[in-house]
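In listed order, ligands and their atoms are each counted from 1. All of these numbers come straight from a predicted model, not from anything done at the bench.
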Amino acid sequence: MRILVIGGGNMGLTYAEGMSKSFLLNRHKLMIYDKSEELIASLREHSHFDVYDKIEDCIPQADVIFLAVKPFHSETLFNEIKPLINKEQIFVSIMAGVTIDTIQESLEVRKVIRAMPNLPAQVGKGVTSYTESKEVSRIELLMVRNLLDTTGESIRVSNENFIDASTGISGSGPAYVFYFMQSMLEAAQKMGFSTNDSKILVSKTFEGAVELFNQSDLSPNTWMERVASKGGTTRAALDSMEDNNVKELIKDAAYAAFDRAVELGKE
Ligand SMILES: NC(=O)c1ccc[n+]([C@@H]2O[C@H](COP(=O)([O-])OP(=O)(O)OC[C@H]3O[C@@H](n4cnc5c(N)ncnc54)[C@H](OP(=O)(O)O)[C@@H]3O)[C@@H](O)[C@H]2O)c1
């Protein structure tokens, strides 16, 4: 099985790295194509992949083709590759908002998997949601799932609405967590902690809370109740958040990302 990643930017490279480190794939079976001369030169010097600057030299050999360019480059890319592809090839798109229908119609292909990864994929802790066109067989889907899982975990969703929805939760979600972290860092520094101490206090608090959550069956609400005693410090903080409607504001933010993903798909 030969895999081609089109677009060797942040995400394309993350998948290439993940797949090449996994036992599933010999790295020499992994090809990368990008149109940026600078990037190609750097990948040729620093990476172990087969790097191509001509799409016609790599695309005919590929069984699975990852589409990892920015959504606004998709149309140009489709025009470029359409004359070179065949109907047996499997296309895995991670382009936000670009629908399976659009890919099938633009490329006149059948087997398309649409996936929504997130940034922690870079450290093998990503979560990817994916769904497929009806022409993708069970075996092909399993094979692609194994490839996606090389960057973390994945969940299969029943339709593309959930891909846009997961953009609002996990796709954009790391930025919500960073927002929360930044707020706590600023509070810690205002209280007088050094930059380094603030970083340790905040990052270990997030890490520890997530670990507690993962190692139990308890909901975040139950954990909050465990930490917050009546009249205590945590209760004061949680009351302040409730008074300011923070929970509703976070939900609104997730929906804003979801709505934007739907909008991008229509543009
Ligand atoms: N980053 C994330 O956290 C994230 C999360 C979920 C989904 N995604 C999706 O992942 C995709 C890639 O994002 P990214 O952040 O990795 O983008 P990126 O860093 O800009 O990488 C895309 C690469 O593709 C190249 N490219 C553009 N058009 C091309 C073409 N026709 N043929 C070959 N290469 C081409 C670009 O070259 P130039 O720079 O010269 O244009 C660039 O090197 C996007 O569609 C995005 O929606 C990203």
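- Enclosure of atom CG in L249 by more than 12 non-hydrogen atoms of other residues, nucleotides or ligands within 6.0 angstrom is indicated.
- Residue-environment remark: CD (E248) exceeds the threshold of 12 foreign heavy atoms within 6.0 Å.
- Annotation for ligand 1: atoms under 4.0 Å from non-hydrogen atoms of S36 are 40 (O).
- Of the candidates A96, A261, P120, A115, A96 brings a heavy atom nearest to atom 47 (O) of ligand 1.
- For the pair G171 and ligand 1, no heavy-atom separation below 4.0 Å is found.
- At a 4.0 Å heavy-atom cut-off, ligand 1 touches K70 through backbone and side chain alike.
- Checking each of V64, I113, I100, I85 against F91 for a side-chain contact (heavy atoms from CB on, under 4.5 Å) leaves exactly one that passes, namely I85.
- Just one residue in the list R114, R156, R110, R145 forms a salt bridge (Lys or Arg N to Asp or Glu O under 4.0 Å) with E132, and that residue is R156.
- By the neighbour-count criterion of 12 heavy atoms within 6.0 Å, atom CZ of F206 is densely surrounded, having more than that number from other residues, nucleotides or ligands.
- In the displayed structure, Y176 atom OH is contacted under 6.0 Å by more than 12 heavy atoms of other residues, nucleotides or ligands.
- The environment of CD in E56 is crowded: more than 12 heavy-atom neighbours from other residues, nucleotides or ligands sit within 6.0 Å.
- Contact annotation: T76 has no heavy atom less than 4.0 Å from any atom of ligand 1.
- Note: an N/O pair closer than 3.5 Å links V69 and ligand 1 by distance alone.
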Discussion item. Go through it in stages, so that I can follow the logic: the residues are F49 and L13, the test is side chain to side chain contact (heavy atoms under 4.5 Å, CB included), and I'd like the CA-CA distance, side-chain angles, deciding distance and then a yes or no.
Written reply: CA-CA 10 Å; F49 305 119; L13 216 52; 4.3 Å; yes
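- For Q61, the CD atom is densely surrounded, since the number of other residues' heavy atoms within 6.0 Å is greater than 12.
- When only interatomic distances are considered, the shortest N/O to N/O separation between E80 and ligand 1 falls below 3.5 Å.
- Heavy-atom proximity to Y33, at under 4.0 Å, picks out these atoms of ligand 1: 32 (N), 33 (C).
- There is a protein heavy atom less than 4.0 angstrom from atom 3 (O) of ligand 1.
- Here is the list of ligand 1 atoms found below 4.0 Å of a heavy atom in L119: 3 (O).
- Of the protein's non-hydrogen atoms, I94 O, 3.5 Å is the one closest to atom 7 (C) of ligand 1.
- Criterion: ILVMFWY side-chain heavy atoms under 4.5 Å apart, direct or through other members. Under it, V157 and Y130 are not part of a common hydrophobic cluster.
- Counting the atoms of ligand 1 from 1 in the order shown, those under 4.0 Å from a heavy atom of G7 are 23 (C), 24 (O).
- At a 3.5 angstrom cut-off on N or O pairs, N10 counts as close to ligand 1.
- Each of the atoms 43 (O) of ligand 1 lies under 4.0 Å from some heavy atom of L39.
- The shortest N or O to N or O distance between G8 and ligand 1 is not under 3.5 Å.
- Residue-level proximity to ligand 1 for P71 is carried by backbone and side chain together, each with a heavy atom below 4.0 angstrom.
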Fill in: salt bridge (Lys or Arg N to Asp or Glu O under 4.0 Å) evaluation trace for D50 with R2
CA-CA 11 Å; D50 288 346; R2 292 214 77 183; 3.1 Å; yes
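- For Y52 and Y33, the ring centers are positioned 6.0 Å apart or more.
- Between atom 21 (O) of ligand 1 and the options P174, A175, A121, G9, the minimum heavy-atom separation is to G9.
- Summary of contacts: the protein heavy atom closest to atom 25 (C) of ligand 1 is D34 OD2, 3.3 Å.
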Worksheet item: Where do K111 and E88 land on the salt bridge (Lys or Arg N to Asp or Glu O under 4.0 Å) test, with the steps shown first?
Response: CA-CA 7 Å; K111 298 177 183 186; E88 287 316 303; 3.1 Å; yes
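- Within the 4.0 Å heavy-atom criterion, neither part of I55 lies near ligand 1.
- Among protein heavy atoms, the minimum distance from atom 30 (C) of ligand 1 is reached at K35 CD, 3.8 Å.
- Residue-to-ligand polar distances keep L77 apart from ligand 1: every N/O pair is separated by 3.5 Å or more.
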